[in-house]
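Side-chain atoms are counted along with the backbone in the values below, which use heavy atoms only and exclude waters and symmetry mates.
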Amino acid sequence: MKVPKLVRDPGPAQTALDLGISRRQAMSLAITALGGTALAACSPGSASSSHVTLNMWGFADLSKPLVRQYERAHPGVTIQTKISDYDASHQTLLTALASGNGPSIAQIAIDYMGEFVAHAPAFTDLRKFGASSLKSKYLGWRWNGGVAPGGSIVGIPTDVGGMAIAYRTDLFKKAGLPTDPAAVGALWPTWEDYINVGKKYVAATGKKFIDSGKAVFRAESNQGGLKYMDARGKPIHDTNPRIRKSWHDGVAAIDARLSANVATFTPQWDAAVANGTVATLIVPAWMLTQIEQQAPRTKGKWNIAVLPGKIGNDGGSFLAIPKNAPHAKEAYDFIKWLEAPTQQLALFKENNTFPTIPALYTDPAVTHLTNPFFSNAPVGKIYVESVQGMRPHPIGAKDRIIENQFENGLGRVDQGSQSGASSWTQVMSDVKRELQG
């Protein structure tokens, strides 16, 4: 995936850096200031031009069939996208907002939404277009993630990252493990059980069981009602027992030599998925498409079983409109259409992005949906069960910053440069430094 060069803003960020403030804090200050002045001065209304071009910046491209469908139905509208890597896309957006610029539509991941919601004045309040009437259609916790404390609606939720375990049936069979998904899911009611199955697999085959230790940490830490922040926005990364337990299990998987130590979506990860280096993957619904694209020759060799603990969420995004965006009304009309039930169902069938609209969870088109690439696994039923009963955790403005330090720490353990205990100590120090700026 081609990554556009990051836009660098040498203005207020540089001045703040001279004062000893971090670049991220500098952009935050600039966004806050511009949200009440320069950005507010830009009109978000519909343009008088007969032709409108909507630019979307993000980390995952829009569905080309749906974009074409919308453009055919709206001959005066053209939709263009600029896609970059996950963290880079959000950094680019932060920089653009700090300088008073930005796209027509911004795609923001759930991990980052707390940071952008904290700067709600930099975005168009979608209530002005009637977005409040949409609330009842969406999962409550997903909708609320895009609402600022003052009530401003910053973004409309797109998908839900319900989780499951994808596994290679051929590799399980060679290791003497069951291959039926019900029997496989019964092997690991807990994460400790999942690790123990991995130990048996490695002992039988000499191959790796998972892609990385941080994958275990991320999935398990996303299953609780609290993660890095409490409901009041106070950091609890150092006291939350679920974080400590998730770290312990991630390290245990590494120490048991289950990990191939490949970072998700790198060429090394693509190769590991394609050539059978790993036997299992922790898969949010949207990741299924990545496996299909990177390992097409493995079709029919995969199946899907329930996640340890059964429920959980990893990922999902919002579509927002910057305050100074041209053609804001046209942008909202497109977002509203794209995230309506009919289109969300089409997206799930096309690229496995799981809907945020609960009314679809009882629709046979979802509950009976199977995926032939994954041995006709009932993906609709599996992911419905994964998100039902989900206890979402509060997401603060610093969540992604904290997450990066934990992932870096487990990366050091995976690389063998630090023990789990020493890396934990460094993570605590690194998070403290980042939170202080």
Is there side-chain contact between [X] and [Y], with at least one heavy-atom pair below 4.5 Å?
{"X": "F116", "Y": "L94", "result": "yes"}
{"X": "W143", "Y": "L134", "result": "yes"}
{"X": "F374", "Y": "I291", "result": "yes"}
{"X": "R257", "Y": "K199", "result": "no"}
{"X": "E385", "Y": "K381", "result": "yes"}
{"X": "R242", "Y": "H393", "result": "no"}
{"X": "I236", "Y": "T239", "result": "yes"}
{"X": "Q107", "Y": "W57", "result": "no"}

So, [X] versus [Y]: side-chain donor-acceptor pair below 3.5 Å or not?
{"X": "T353", "Y": "N351", "answer": "yes"}
{"X": "T356", "Y": "Q344", "answer": "yes"}
{"X": "S259", "Y": "S212", "answer": "no"}
{"X": "Q223", "Y": "W191", "answer": "yes"}
{"X": "Y167", "Y": "T179", "answer": "no"}
{"X": "S419", "Y": "S422", "answer": "yes"}

Minimum heavy-atom distance [X]-[Y], with the two atoms named:
{"X": "S104", "Y": "P322", "answer": "O-CD, 3.8 Å"}
{"X": "A365", "Y": "L345", "answer": "CB-CD2, 3.8 Å"}
{"X": "A377", "Y": "N303", "answer": "CB-OD1, 3.5 Å"}
{"X": "T158", "Y": "G316", "answer": "OG1-C, 4.5 Å"}
{"X": "V273", "Y": "R168", "answer": "O-NH1, 4.1 Å"}
{"X": "L171", "Y": "A279", "answer": "CD1-CA, 4.1 Å"}

[Y] backbone acceptor or donor facing [X] side chain under 3.5 Å:
{"X": "Q426", "Y": "G409", "value": "no"}
{"X": "S429", "Y": "T425", "value": "no"}
{"X": "D85", "Y": "D87", "value": "no"}
{"X": "D159", "Y": "P355", "value": "no"}
{"X": "S152", "Y": "A148", "value": "no"}
{"X": "T367", "Y": "T362", "value": "no"}
{"X": "S386", "Y": "I311", "value": "no"}
{"X": "Q343", "Y": "W337", "value": "yes"}

Option passing side-chain contact (heavy atoms from CB on, under 4.5 Å) with F217 (candidates V251, I254, I243, N222):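 Only match with F217 under side-chain contact (heavy atoms from CB on, under 4.5 Å): I243.
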Which of these passes side-chain contact (heavy atoms from CB on, under 4.5 Å) with Y194: I210, D249, L187?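 By the side-chain contact (heavy atoms from CB on, under 4.5 Å) criterion, Y194 pairs with just one of I210, D249, L187: I210.
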Begin with the C-alpha distance, continue with both residues' side-chain angles, and end with the deciding distance and a verdict on side-chain hydrogen bond (donor to acceptor under 3.5 Å, both in side chains) for E403 and Y228. CA-CA 8 Å; E403 181 96 318; Y228 299 131; 2.2 Å; yes
Roughly how far, to the nearest 0.5 Å, is [atom2] of [Y] from [atom1] of [X]?
{"X": "K301", "Y": "T169", "atom1": "NZ", "atom2": "OG1", "answer": "9.0 Å"}
{"X": "T95", "Y": "Q91", "atom1": "OG1", "atom2": "CD", "answer": "4.5 Å"}
{"X": "F59", "Y": "T81", "atom1": "CZ", "atom2": "OG1", "answer": "13.0 Å"}
{"X": "K227", "Y": "D399", "atom1": "NZ", "atom2": "CG", "answer": "7.0 Å"}
{"X": "E330", "Y": "H51", "atom1": "CD", "atom2": "NE2", "answer": "11.0 Å"}
{"X": "N324", "Y": "N101", "atom1": "CG", "atom2": "CG", "answer": "6.5 Å"}

Classify the ring geometry between [X] and [Y] as parallel (under 30°), tilted (30 to 60°) or perpendicular (over 60°).
{"X": "F354", "Y": "F348", "answer": "perpendicular"}
{"X": "W286", "Y": "F265", "answer": "tilted"}
{"X": "Y70", "Y": "H74", "answer": "parallel"}
{"X": "Y112", "Y": "H90", "answer": "parallel"}
{"X": "W188", "Y": "F172", "answer": "perpendicular"}

If you measure from the Lys or Arg side-chain nitrogens to the Asp or Glu carboxylate oxygens, is any gap between [X] and [Y] under 4.0 Å?
{"X": "D211", "Y": "K208", "value": "no"}
{"X": "R400", "Y": "E115", "value": "no"}
{"X": "K174", "Y": "D170", "value": "no"}
{"X": "K214", "Y": "D414", "value": "no"}
{"X": "R218", "Y": "E407", "value": "yes"}

Run the salt bridge (Lys or Arg N to Asp or Glu O under 4.0 Å) check on D333 and K336 step by step: do they pass? CA-CA 5 Å; D333 289 343; K336 181 181 178 181; over 6 Å; no
Show the numbers, then the answer: is there a side chain to side chain contact (heavy atoms under 4.5 Å, CB included) between N313 and W141? CA-CA 12 Å; N313 180 78; W141 61 273; 3.7 Å; yes
Going through the distances and angles, do E292 and N371 end up as a side-chain hydrogen bond (donor to acceptor under 3.5 Å, both in side chains)? CA-CA 10 Å; E292 294 175 25; N371 189 314; 3.0 Å; yes
Evaluate the criterion side chain to side chain contact (heavy atoms under 4.5 Å, CB included) for residue pair R142 and V160; output intermediate values, then yes/no. CA-CA 8 Å; R142 285 291 281 116; V160 184; 4.2 Å; yes
